[in-house]
Amino acid sequence: MIIQLDPGATSAQKEKIQEVLTSIGYKPTAVQTQRASYLVCIGKNEFDIRRLGTLPGVADVHRVSESYKLVSRKWKVGESGIDLGDGVMIGAGSFSLMAGPCSIESEEQVRSVAKHLASQNIFIMRGGVFKPRSSPYAFRGMGMEGLKMFSSICREYKIKIITEVMQVSQIAPMYEYVDVFQVGARNSQNFNLLDELGRVDKPVLIKRGMSGTIDELLQSAEYVFSAGNERLMLCERGIRSYETAYRNTFDINAIAILKEKSHLPVIADPSHGIGLREHVPAIALAAAAAGADGVIYEVHEKPEEALSDAQQTLNYEESEQLIRNVRRLRESIG
Ligand code: PEP
Ligand code: MN
């Protein structure tokens with residue numbers, strides 16, 4: 001159950017509400033986000049909901065039986081949107097394309113991709129500077145120097161940045177250069193990281209873990225929300241299955257189910273989802289048709305020379321085709 005409190009609820013009123021909750025067998029946790037105050041209550045007993053609804057200080061009461069609460073659609077019927085400023089919106093009806101290289105590699109590379117995106121009216125660029133790599137000898141990213149360069153070039157083009165944060169100690173130095181923090185698949189259940197991102201007033205995109213269930217992804221989002229940050233989005237990027245013909249098994253079902261279960265924007269990552277350049281545009285279309293609020297994909301001026309994920313990265317021509325087709329599909333399905 002979620003109790004939304006009146007913005008002006010007094011401490012005495014809150015205490016009284018908590019007392020009533022305990023008396024009916026519920027365990028309340030107070031949640032203060034950047035937008036509102038809630039009591040998230042765990043319990044199973046039957047009771048007359050009017051008993052709570054009429055208490056002073058209570059704005060709204062919602063029964064939510066799922067293990068995740070605040071990210072559930074059961075209490076928030078509409079769609080949550082994220083305003084990145086300068087007219088760049090994610091979710092709540094708008095469809096977002098976000099693209100960029102797997103890794104930030106050089107000034108020339110960033111400038112070239114930024115120009116490509118701006119020419120296509122795309123104003124969110126992805127690119128990792130801290131790269132989780134299976135091999136310690138692979139390119140692991142340019143780090144903070146790369147992020148500063150990435151940020152200064154993107155600001156010239158009025159492009160917002162989404163980039164992966166791998167650990168808690170990186171949040172503070174990265175903060176001023178980042179518009180959206182990405183939590184990677186390998187960190188999807190790093191609860192310390194999620195908790196800390198809940199205390200940050202910047203949006204967060206959480207990727208589904210490689211073997212994560214939909215419920216686990218929603219619980220990860222619940223961590224960030226309940227720690228204070230409501231500006232969240234969920235990302236399906238494929239899961240590991242027995243299939244070896246492609247990199248991951250992109251779970252189209254997850255898009256539809258996440259949209260049904262949560263009010264948060266759902267973003268599809270077809271690049272990591274299939275891992276094969278030639279099929280990325282088709283999977284992007286499938287995700288858009290399944291109801292995704294956006295697509296994030298990898299693009300590079302010379303994909304074959306990319307320092308990471310070359311095999312799944314599109315060139316500009318392929319990228320333009322993806323953009324054209326996805327926009328056309330969105331128009332045709334309204
Ligand atoms: C990435 O976005 O480049 C990345 C490493 O993604 P994931 O965490 O989904 O593997
Ligand atoms: Mn990648």
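This one's a predicted model, so the numbers in the text were calculated from it and none came from an experiment. Counting starts at 1 for both ligands and their atoms, following the listed order. In this chain, residues are counted from 1 in sequence order.
- Taking each of His272, Arg208, Met210, Arg237 in turn, the one with a heavy atom nearest to atom 9 (O) of ligand 1 proves to be Arg237.
- Of all heavy-atom pairs spanning Ala292 and Ile255, the tightest one is N-CG2, 3.5 Å.
- Note: no N/O pair closer than 3.5 Å links Asp309 and ligand 1 by distance alone.
- Asn229 and Tyr223 share no donor-acceptor pair across their side chains, judged by distance under 3.5 Å alone.
- Counting heavy atoms from C-beta outward, Met1 and Leu52 have side chains that approach closer than 4.5 Å.
- Judged by distance alone, the side chains of Tyr297 and Ser319 do bring a donor and an acceptor atom under 3.5 Å apart.
- Using a 4.0 Å cut-off between charged side-chain N and carboxylate O, Lys160 and Asp86 make a salt bridge.
- The closest protein non-hydrogen atom to atom 2 (O) of ligand 1 is Arg126 NH1, 2.7 Å.
- Inspection of the Gln312 and Arg247 side chains reveals an N or O donor paired with an N or O acceptor under 3.5 Å.
- Residue-ligand proximity, Glu298 to ligand 1, at heavy-atom distances under 4.0 Å covers atoms 3 (O).
- The stretch residues 81-135 participates, sequence neighbours left out, in these ring-ring contact (aromatic ring centres under 6.0 Å, His included) pairs: His116-Tyr316.
- Using modelled atom types and a 3.5 Å distance limit, the side chains of His272 and Glu298 yield a donor-acceptor pair.
- Between Lys207 and ligand 1, a contact under 3.5 Å exists for at least one N or O pair.
- Applying the 4.0 Å criterion to heavy atoms of Gly184 picks out, from ligand 1, the atoms 8 (O).
- For ligand 1, one of its N or O atoms has an N or O atom of Ala185 under 3.5 Å away.
- In this structure, a donor-acceptor pair under 3.5 Å is absent between the side chains of Glu105 and Ser103.
- Listed by number with element, the atoms of ligand 1 under 4.0 angstrom from any heavy atom of Cys102 are 3 (O).
- Residues Leu84 and Ile90 approach most closely at CD1-CD1, 3.8 Å, considering heavy atoms.
- Take a cut-off of 2.8 Å around the Mn ion (ligand 2): the protein N, O or S atoms inside it are Cys102 SG, His272 NE2, Glu298 OE2, Asp309 OD2.
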